[in-house]
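Following: one structure in structure tokens, then a few remarks.
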Amino acid sequence: MKKTIAITRGDGCGPEVVNEGIKILKIVSEFTDYDFEFKDAPAGGEVWKVFGTNLPEKSFDTIKNSDALLFGALGLPDLPPGIAESAIMKIRQSLDLYVNLRPVKLYDILREKCPLKSEFIGSGIDITFVRENTEGLYKNVGNLGEDSAENLMLYTRDGCERIIKFAFEYAKRKGHKILTSVDKANLLNTSKLWRKIFHEMSENYSNIETEDIYIDAFTQWLIRAPHRFQTVVTGNMFGDIISDEGAFLIGSLGMGSSGNIHPGKVSMYEPIHGSAPDIAGKGIANPIGTILSVKLMFEESFNSIEIGNEVDKAVEESLKEGRTVDIKSEKLKTLSTEEMGDLIAEQLKSRLKK
Ligand code: IPM
Ligand code: MG
């Protein structure tokens, strides 16, 4: 199976972590039928400094004509906020990547790294946020004046239906018992429409229990009883916020993975930690967020659940042997980005060989 994968390394620690993601893809191609061709698609702040655009046309063409995009991070401290990062928005909007999938799973072995007390962690944390990724406040409709500013929060029925349907189908395929919808239907019209559609659609999925929670209450329940959530579906802005809150529950932002997805079309997989200028270039960034994004790529773009599982197991096993500094343990060796990637690659190799 030949697949073309566009590679955007980006800024800060992006290139360091993406190299480890590529390492994992190469192991997969060595031991399975997959054959990957990697094509560079430079974007971001460094690129903006040279070409005056954060997403050159050539890069976008490469992305458009690939099977998937592996993406590092964008943003440089010496540029105004947004100059580099807006390339992410352009990619999401132009490719209509309407699903932002953000799983947060606390590996048992990292329980001590979770900021919550054990009694709140309870039976464990394994939540997938399904965030709407093209509508709401992110449509970027509004204006900025001297004395007032406005942003339009716009949701369409089609836009709500397709993301809510994705969430139900995701919950179904993962065998989840409950789907939680997060909104603000006690105030916002957009949430009233969202909730109506959520209830309408729930009729088609009688095996999945549903619940509605207001965004403010949800932020509290997420730290008070995270074990009660499985799939959580929500709008763009709320999803942006709660997925960051959730990401820290798994021990480190460096562990968070994501997929910007349009099922059946070219989709983009990226760690959630961003360019992290404070640690960039030091070789200490945690590559697991990127490697778990590669796992998502297999599951969501290549329909290879088994390989996704193997990558997940390889990560989990390697955490028993060594860790990057953000999740370090006194009993284990502290590893560089590259060493962590090597360890996971070795684990994966021995699993795929079997
Ligand atoms: C994210 C980021 C982006 C967003 C920023 C960089 C615009 O926070 O991917 O969650 O708000 O979606
Ligand atoms: Mg965010």
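Read the numbers this way: they start at 1 and go in the same order the structure lists the ligands and their atoms.
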Practice problem: Would you indicate which of E85, M89, R102 comes nearest to atom 1 (C) of ligand 1 when only heavy atoms are counted? | Solution: R102
Quiz prompt | Parallel, tilted or perpendicular: ring planes of F166 versus Y170, cut at 30 and 60 degrees | solution = parallel
Quiz item: Heavy-atom count around K105 NZ within 6.0 Å, excluding the residue itself: above 12?
Solution: yes
Self-check item: Which atom of D240 approaches the Mg ion (ligand 2) most closely (N/O/S)
Solution: OD1
Quiz item: Parallel, tilted or perpendicular: which fits the ring planes of F218 and F129, with parallel below 30° and perpendicular above 60°?
Solution: perpendicular
Quiz item: Is I88 in contact with ligand 1, taking contact as a heavy-atom separation below 4.0 Å?
Solution: no
Quiz item: Looking only at protein heavy atoms, which one is nearest to atom 4 (C) of ligand 1, and how far off is it?
Solution: Y138 OH, 3.5 Å
Quiz item: Can you find an N/O atom of R92 closer than 3.5 Å to an N/O atom of ligand 1?
Solution: yes
Quiz item: At what distance is the nearest protein heavy atom to atom 2 (C) of ligand 1, and which residue and atom is it?
Solution: D240 OD1, 4.0 Å
Quiz item: Short list, please: which atoms of ligand 1 are under 4.0 Å from a heavy atom of R131?
Solution: 1 (C), 4 (C), 10 (O), 11 (O), 12 (O)
Practice problem: Determine, for E310 against K313, whether the closest basic-nitrogen to carboxylate-oxygen distance falls under 4.0 angstrom. | Solution: no
Practice problem: For the Mg ion (ligand 2), decide whether D244 has an N, O or S atom at a distance under 2.8 Å. | Solution: no
Quiz item: Any ion pair linking E270 and R92 (charged N to carboxylate O, less than 4.0 Å)?
Solution: yes
Practice problem: Can you spot which of L116, I213, I127, V182 makes a side chain to side chain contact (heavy atoms under 4.5 Å, CB included) with L222? | Solution: I127
